[in-house]
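Starting from 1, each residue takes its place in the sequence as its number.
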Amino acid sequence: MGLIEYYLIFAITTALSCCYEFFWPCIKEADDLGVKNEFTEYPKLSCFIYICISTIIAPILLMPLLFTRSGEKFKNGLRNTIVYNK
C-alpha cells in the first residue's frame, strides 16, 4: 500500500470517529429536545455530508479527538449549531 491509501484510511477513520463521537449525539440531543430543522429531519443525509466534509478536513479534526478540552469545545460548537439552527 502506498502513502495515498494510508492517508485515505486515516481520513475515513477520523471522519467516522468524529461522527460517532460528536455529531450523532448532538443530533440525538436536538431530536430529544424537539428541535425541528434540517439536521433532525434528515439525520442520515446530515451524517453522510458530515462524514464527507470531515474526510476532507481530517487532520484538523484530530485535535478534538485526541484532547478532551478541544473535544468539549468542538462538541459545544456543534451542539449550538444543531440545536439553535431554526
Side-chain angles (χ1 to χ4, degrees):
M1 282 173 56
L3 186 62
I4 303 252
E5 288 87 4
Y6 285 125
Y7 181 76
L8 284 174
I9 291 171
F10 159 74
I12 292 170
T13 304
T14 302
L16 290 173
S17 298
C18 280
C19 185
Y20 176 76
E21 188 72 27
F22 301 120
F23 191 70
W24 190 250
C26 291
I27 287 180
K28 284 299 182 187
E29 180 181 349
D31 192 38
D32 291 342
L33 292 173
V35 175
K36 293 295 177 196
N37 58 19
E38 291 81 14
F39 294 110
T40 58
E41 289 179 15
Y42 308 105
K44 291 180 184 178
L45 179 63
S46 298
C47 283
F48 176 74
I49 293 171
Y50 182 80
I51 289 171
C52 290
I53 293 172
S54 295
T55 301
I56 295 169
I57 61 168
I60 298 170
L61 294 176
L62 195 60
M63 296 297 284
L65 281 175
L66 294 178
F67 301 109
T68 307
R69 187 174 198 122
S70 297
E72 290 174 4
K73 289 180 182 180
F74 185 73
K75 190 170 185 177
N76 285 336
L78 271 177
R79 183 182 303 123
N80 290 339
T81 301
I82 293 171
V83 172
Y84 300 116
N85 183 12
K86 293 183 180 183

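- Applying the side chain to side chain contact (heavy atoms under 4.5 Å, CB included) rule to P25 yields the partners K75; only residues at least two apart in sequence or on another chain are considered.
- Residue I4 shares its hydrophobic cluster (ILVMFWY side chains chained together at separations under 4.5 Å) with L8.
- Side chain of S70 to backbone of F67: no donor-acceptor contact under 3.5 angstrom is found.
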Identify all side-chain donor-acceptor contacts of residues 44-64 below 3.5 Å with residues at least two apart in sequence or on another chain.
| unit_1 | atom_1 | unit_2 | atom_2 | d |
| --- | --- | --- | --- | --- |
| S46 | OG | Y42 | O | 2.9 |
| S54 | OG | Y50 | O | 2.8 |
| T55 | OG1 | I51 | O | 2.7 |

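- E72 places no side-chain N or O within donor-acceptor distance of the main-chain N or O of R69, the cut-off being under 3.5 Å.
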Could you walk me through whether I82 and I27 satisfy the side chain to side chain contact (heavy atoms under 4.5 Å, CB included) test, starting with their C-alpha distance in whole Å, then the side-chain angles of each, then the deciding distance to 0.1 Å, before giving a yes or no?
CA-CA 7 Å; I82 293 171; I27 287 180; 4.1 Å; yes

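- Taking the ring-ring contact (aromatic ring centres under 6.0 Å, His included) definition, one finds that Y7 meets it with F10, sequence neighbours left out.
- Within the 4.5 Å cutoff, the side chain of V35 has no heavy atoms near those of the Y84 side chain.
- The minimum heavy-atom distance between V83 and L33, with the atom names listed, is CG1-CD1, 4.2 Å.
- Taking CZ of F23 as the reference point, atom CZ of F39 lies at 5.5 Å (rounded to 0.5 Å).
- Applying the side chain to side chain contact (heavy atoms under 4.5 Å, CB included) criterion to T13, with sequence neighbours excluded, gives I9, S17.
- In the hydrophobic clustering, Y20 connects to no other residue, as no ILVMFWY side-chain heavy atoms lie under 4.5 Å from its own.
- Among pairs with a residue in residues 23-32, those fulfilling salt bridge (charged side-chain N to carboxylate O under 4.0 Å, His left out) read E29-R79, at least two apart in sequence or across chains.
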